[in-house]
Amino acid sequence: MTVNITAEEMAKQRGFIEKCAEINSRRETPPTAHVHTFGCQQNVSDGEKIKGMLAEMGCGFSDIPEGADIIIFNTCAVRENAEDRVFGNLGALKHEKRRNPDVIIGVCGCMVQQEHIVKKIKRSFPHVDLVFGTNALHTLPELIYGQLTERKREFYVPEGDGVIAEGLPIRRENALKVSIPIMYGCNNFCTYCIVPYVRGRERSRSTEDILAEARTAIQSGAKELLLLGQNVNSYGKELGTSFPELLRAVNAIDGEFRICYMSSHPKDATRELIDTISECGKVTRHFHLPVQSGSSRILGLMNRHYTREDYIKIVEYIRERIPDAALTSDIIVGFPGETREDFEETLSLIREVRFDSLYTFIYSPRKGTKAAEMPDPVSAEEKGGWFRELLDVQGDIGRGLYEKYVGQTLRVLCEGEGRTDPSLLTGKTPQDVIVDFDGDRSLIGGFVNVKIERAYQWALVGKIV
Ligand code: 5AD
Ligand code: SF4
C-alpha cells in the first residue's frame, strides 16, 4: 500500500533539520556537501530535495567530493554501467575518508533498493556511513542528525509499495526550467526493467499539490515546467482524474511558459491525450515515445502491451493532429532471444517512422527481472555490431531532417549562451530543437521569435525577428 507521509512525521523531520542547523552553526565555517546524482530526471528531482534539506541544515555545496563534510551519491540502477560508475566513484572515496575521518558518506537512490547491492556496500565499502532507500528520502534530516551526534553505520531501506512526502524543501538546479514530479513508481513490469522493483507501485500526487507547485514556480520566473513520472500517461488513475485533465489545468495557469513531460508509455498514449496536447498551446510539440523494439514478438516478450502496428497508428495520429510535432524514442538492442530478423524489424520501423532522434541502449540484464532469466544466446560482439548499425541507420535518417525548419519563424525560450558559438544566445523551439541566435544577454529567461536561417544535424541557427 502507498503511504502518504503524515504532517506530524514531516514536522518531526523539520525538527531534525533545525537541530542539525544548530549543531552546524557552532562550527567555525559552515559545512560543505557534495551531492552527486546519477541517472534520470526523477533522480535529479530527488537530488534537488536532498540539497534543499541540506541547505536548510546550514550546508554550502561543492561540485567536488574532495574536502566536503557530507558526500551523497544518489544512484541509478537502470543499467549495469550506471551501477559500475557508482562503485568506481565510491571506491575512490576511500582515500577521502582516510584524509578526513569525520566526512559523512551516504548512498541513496535506486541502487540501494536492491538487497545484493546493500550487501556489497556493507562488505566492500566500509567507509560508507549511511545507506537510505527511495522511500526514506524524507528521513534524511534524522539520519544526518544521527551521524552528527553518534557515529555508527546506518542502513535504512524500508520495504513497501512506496511513499509520497509533500513539503520537502527544494534547491532547484535551474530556476528557468523546473521539474515537478506528478507521480512516483511504476506498475508496468516491462520484463527488462528494474524500476518497478526499486521505485515501488504507481502513486499520483494530488492535482492541488501539483498545481500549487506549478503556480509558485511560474510566479518565481520559471518558463518551463517538466512534469515527471515513470509513466505520466497513467497519472491520476487512483484519484479519479487523468493526465489529459492535469495538462489542461496546468495549461490554464496564467503566463507564457512551456509544459514538458516525461516519460510516456505508448500503451497509454490515447487519442484523448493527443487531442488534448493539440489543444493546449503551452504543451511541448515534442513526443518522446519509447518504442524499445520494432518487432511485435520482442515487444510481447518485453511485456509492453502494444504491437509494432499499434505504435505506428499512434504516430500516424500524432502527425495528423500535430503535423509540426517532433518525435523521439528509446530503443533497446539485444533483448534476450532477439534474432537478426527481430533487429531488422527495428531498423525498418525507424526507417518508416523517421524519428528526429533516438536514445539507444544495449540490453543490460537486471537481477530480479524476468528478462534476466530468459535465454540470451546472442554474443556481446554481435549485439555491439547491431548497435553500431542502428546508429548508422539513424544517422542517415537524421541528416537533413532539420532542413524543414529553415525559413520558419519559431517561438524560442532563450536559455543562455550559444552552443555553436558562445557569443550567441541559445534556446529551444516548441519541438525541443536547439537554436542559436544573436541577441542581448538580457533576453535570457524570456521568449523570442526566431527566424531559422541554417540547419545543422543537431541544432539550428537563426535571427530574432
Ligand atoms: N537494459 C537496457 N536499457 C534499458 N532501459 C531500461 N532498462 C534497461 C535495461 N535493462 C532503457 C529503456 C528505457 C530507458 C530509460 O532505459 O529504453 O526507456
Ligand atoms: Fe521500466 Fe517499463 Fe516502467 Fe518504463 S514503463 S519504468 S521501462 S517498467
Side-chain angles (χ1 to χ4, degrees), residues 37-46 75-86 109-111 113-114 116-117 134 179 181 183-199 202 226 228-234 260-269 286-295 298-299 301-306 308 311 314 327-338 342-343 345-346 349-350 353 355 357-376 378 380 382-384 386-388 390-391 394:
T37 293
F38 299 80
C40 69
Q41 291 297 325
Q42 182 61 58
N43 252 23
V44 173
S45 168
D46 285 350
T75 64
C76 167
V78 85
R79 280 173 294 274
E80 193 178 3
N81 57 9
E83 294 192 337
D84 288 345
R85 264 194 303 141
V86 170
C110 293
M111 260 173 93
Q113 285 295 136
Q114 305 171 90
H116 68 280
I117 299 282
T134 53
S179 297
M183 61 190 302
Y184 306 96
C186 183
N187 285 355
N188 293 320
F189 290 95
C190 301
T191 52
Y192 52 80
C193 188
I194 194 71
V195 168
Y197 302 90
V198 296
R199 287 263 175 201
E202 247 169 47
L226 174 59
L228 283 179
Q230 294 305 332
N231 176 17
V232 291
N233 298 347
S234 53
C260 306
Y261 57 90
M262 72 187 313
S263 295
S264 199
H265 195 306
K267 82 174 165 59
D268 302 310
H286 169 196
F287 286 80
H288 180 67
L289 214 49
V291 65
Q292 313 298 0
S293 169
S295 152
I298 294 296
L299 289 170
L301 290 174
M302 287 177 166
N303 193 33
R304 292 290 286 177
H305 296 282
Y306 57 86
R308 174 196 176 95
Y311 188 85
I314 298 166
L327 198 66
T328 61
S329 202
D330 294 349
I331 304 253
I332 297 177
V333 173
F335 183 83
E338 180 171 331
D342 293 313
F343 174 65
E345 294 261 298
T346 296
L349 179 88
I350 69 169
V353 173
F355 292 103
S357 65
L358 286 181
Y359 298 85
T360 48
F361 310 99
I362 292 186
Y363 168 72
S364 168
R366 306 284 64 214
K367 202 180 161 100
T369 61
K370 276 205 177 137
E373 307 301 319
M374 297 179 187
D376 189 3
V378 176
E382 194 164 0
K383 290 184 183 185
W386 293 355
F387 185 76
R388 287 187 294 277
L390 178 69
L391 293 187
Q394 180 59 27

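What you see below is based on every heavy atom in this structure, not just the backbone, and it leaves out hydrogens, waters and symmetry mates. Numbers here are sequence positions counted from 1. Just follow the structure's listing: the first ligand is 1, and inside any ligand the first atom is 1.
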S.K.: Only one of R366, K370, R304 passes side-chain hydrogen bond (donor to acceptor under 3.5 Å, both in side chains) with Y192; say which it is.
M.R.: R304
S.K.: Can you list the ligand 1 atoms lying under 4.0 Å from a non-hydrogen atom of Q292?
M.R.: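 Listed by number with element, the hits are 12 (C), 13 (C), 17 (O), 18 (O).
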S.K.: Please work out which of I332, D330, N81, I194 has its closest non-hydrogen atom nearest to atom 13 (C) of ligand 1.
M.R.: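 Residue with the shortest heavy-atom distance to the ligand atom: D330.
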S.K.: Counting heavy atoms only, which of G39, A372, S364, A371 comes nearest to atom 1 (N) of ligand 1?
M.R.: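 Nearest option to atom 1 (N) of ligand 1, by heavy atoms: S364.
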S.K.: Assess R79 against F361: is NZ or CZ under 6.0 Å from the centre of the six-membered ring, and within 45 degrees of the ring's axis?
M.R.: yes
S.K.: Using a 3.5 Å cut-off on N or O atoms only, is Y192 in polar contact with ligand 1?
M.R.: yes
S.K.: May I ask you to list the atoms of ligand 1 that are less than 4.0 angstrom from any heavy atom of Y363?
M.R.: 1 (N), 2 (C)
S.K.: Output the list of atoms in ligand 1 that are nearer than 4.0 Å to some heavy atom of V78, sorted by atom number.
M.R.: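 Those atoms are 6 (C), 7 (N), 8 (C), 9 (C), 10 (N).
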S.K.: Y261 and H288: aromatic ring centres closer than 6.0 Å?
M.R.: no
S.K.: Compare every heavy atom of L226 with every heavy atom of Q41, then report the nearest pair and how far apart it is.
M.R.: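 Heavy atoms only, the tightest pair is OE1-CD2, 3.8 Å.
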S.K.: Is any side-chain heavy atom of E338 closer than 4.5 Å to a side-chain heavy atom of F343?
M.R.: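 Sidechains of F343 and E338: in contact.
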S.K.: Can you establish whether the number of heavy atoms outside E382 located under 6.0 Å from its atom CD is more than 12?
M.R.: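 Yes, CD of E382 has more than 12 neighbouring heavy atoms, counting only those of other groups under 6.0 Å.
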S.K.: Checking contacts here: is it the side chain or the backbone of F361 that comes within 4.0 Å of ligand 1, counting heavy atoms only? Could be both or neither.
M.R.: side chain
S.K.: Take every heavy atom of I362, measure it against each atom of ligand 1, and state whether any distance is under 4.0 Å.
M.R.: yes
S.K.: Suppose I only count heavy atoms of R366 and a 4.0 Å limit; which atoms of ligand 1 are within that range?
M.R.: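 The list of qualifying atoms is 10 (N).
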